[in-house]
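Report on the following structure.
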Amino acid sequence: MELTLWKRWLLVGVAASTFNAAAWAADKANVVILATGGTIAGAGASTANSASYQAAKVPVDKLMLSVPELARVARIRGEQVFQIASESFTNSHLLQLGKRISALAKQQDVDGIVVTHGTDTLEETAYFLNLTVHTDKPIVVVGSMRPGTAMSADGALNLYNAVVVAASRDARGKGVLVTMNDQIDSGRDVGKGINIKTNAFASQWGPLGMVVEGRNYWFRAPVKRHTMSSEFDIDKLDQLAPVEIVYGYGNVPASLYEAAAAAGARAIIHAGTGNGSVADRIVPTLQSLRGKGVQIIRSARVPAGFVLRNAEQPDDKHDWVVAHDLNPQKARILAAVALSQFSDSQNLQRVFWEY
Ligand code: DAS
């Protein structure tokens, strides 16, 4: 078919405007903000209330409107998944959130996901997602230590930084990330170490990088298995195994471990003193519980370092597992996910080395 000159120009014009539209759309990533509550959605009575406030009050649309700069870095839309303080998270909240993230990550029109979350259990959720969501798209969990109503509130910049990272191609494939206080931490390593300061979150192995004035600066990458390399898949996970934690201290009674087992625990995380030490008087109880099929996992109440296998405690002899560098609450998450798929201690110890 002979195309007259004006028809050719018309086709070129349409193609160019389509390309421009595509180019325009391509210049901003699509980021979904999933809100779950916490202080970042909190409200205090006055600007002087930096630590006295109510968490989980501000809905996701108001949260996004409170940081108009977000629109400069990404095309954003929000969903209110929960509106709770994160100390109230349960295993079913984790599963519901993880499945929603997995579904969104499969969508072509989603380039990154931000989860706004309370800080109390943020590290548990971030690690859970790191273990179970199969995507290399950035998933960034963010919270704040002060409510948005307070002087020098930290939530707005934390949220801005989270959207910057979630919109960034260079954040892909690094596992679940946490942006607090200008740092980019691995969801695996990060923990809340201070209960009332804005620099509350840290990783004993250091942050992966920093995000400053809308730009990411990377200094290291995770070495443990996560997201796409994980054998655990949220889409095939319908419940988490019951795993409980018993805090170790002088005079701790054996009855606490027995009570956890009686409540149905398939594993008990021993948050031991020192290097996950076990008091002599407790050993027979743990041996008896192990004999009944309950897994015993030695973690430590000490915040840094890692629990050494067969150091002071003969783990091989007792068939116990060590949690390596995972704190008790993260060890619970890994054990709860792993025991939903297998129950032998050899595999269980393997995953504590690998994840
Ligand atoms: N209660 C805390 C929580 O929801 C508030 C916070 O620090 O986010 O985790």
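FYI, side chains are in, hydrogens and waters are out, and symmetry mates aren't considered; it's all heavy atoms of this structure. Atoms within a ligand are numbered from 1 in the order they appear, just like the ligands themselves.
Between Trp353 and His324, the ring-plane angle classifies as perpendicular under the 30° and 60° cut-offs. Between Phe232 and Phe342, the angle of the ring planes lies from 30° to 60°, which puts this pair in the tilted group.
Nearest to atom 9 (O) of ligand 1 among the protein's heavy atoms is Ser86 OG, 2.5 Å. In this structure, the protein non-hydrogen atom closest to atom 6 (C) of ligand 1 is Thr39 OG1, 2.5 Å. The protein heavy atom nearest to atom 7 (O) of ligand 1 is Thr119 OG1, 2.4 Å. Here the heavy atom of the protein found nearest to atom 1 (N) of ligand 1 is Glu87 OE1, 2.7 Å.
With respect to the salt-bridge test (charged N to carboxylate O, under 4.0 angstrom), the residues Asp316 and Arg309 qualify. In this structure, Arg172 pairs ionically with Asp136, as a charged nitrogen and a carboxylate oxygen lie closer than 4.0 Å. Ion pairing between Glu231 and Arg350 holds under the 4.0 Å rule for side-chain N and carboxylate O.
Of all atoms in ligand 1, numbered sequentially from 1 with element shown, those under 4.0 Å from a heavy atom of Ala85 are 1 (N), 4 (O). Close contacts of ligand 1 with Gly38, meaning ligand atoms under 4.0 Å from a residue heavy atom, involve 4 (O), 8 (O).
Atom-to-atom distance recorded for Ile113:CD1 and Arg100:CZ is 8.5 Å, nearest 0.5 angstrom.
Checking only distances, Thr121 never comes within under 3.5 Å of ligand 1, N or O to N or O. Ligand 1 has no nitrogen or oxygen under 3.5 angstrom from a nitrogen or oxygen of His117.
With a 4.0 Å heavy-atom cut-off, ligand 1 is reached by the side chain of Tyr53 but not by its N, CA, C or O.
At a cut-off of 3.5 Å, with distance as the only test, no side-chain donor of Gln183 or Asn181 sits close to an acceptor on the other residue.
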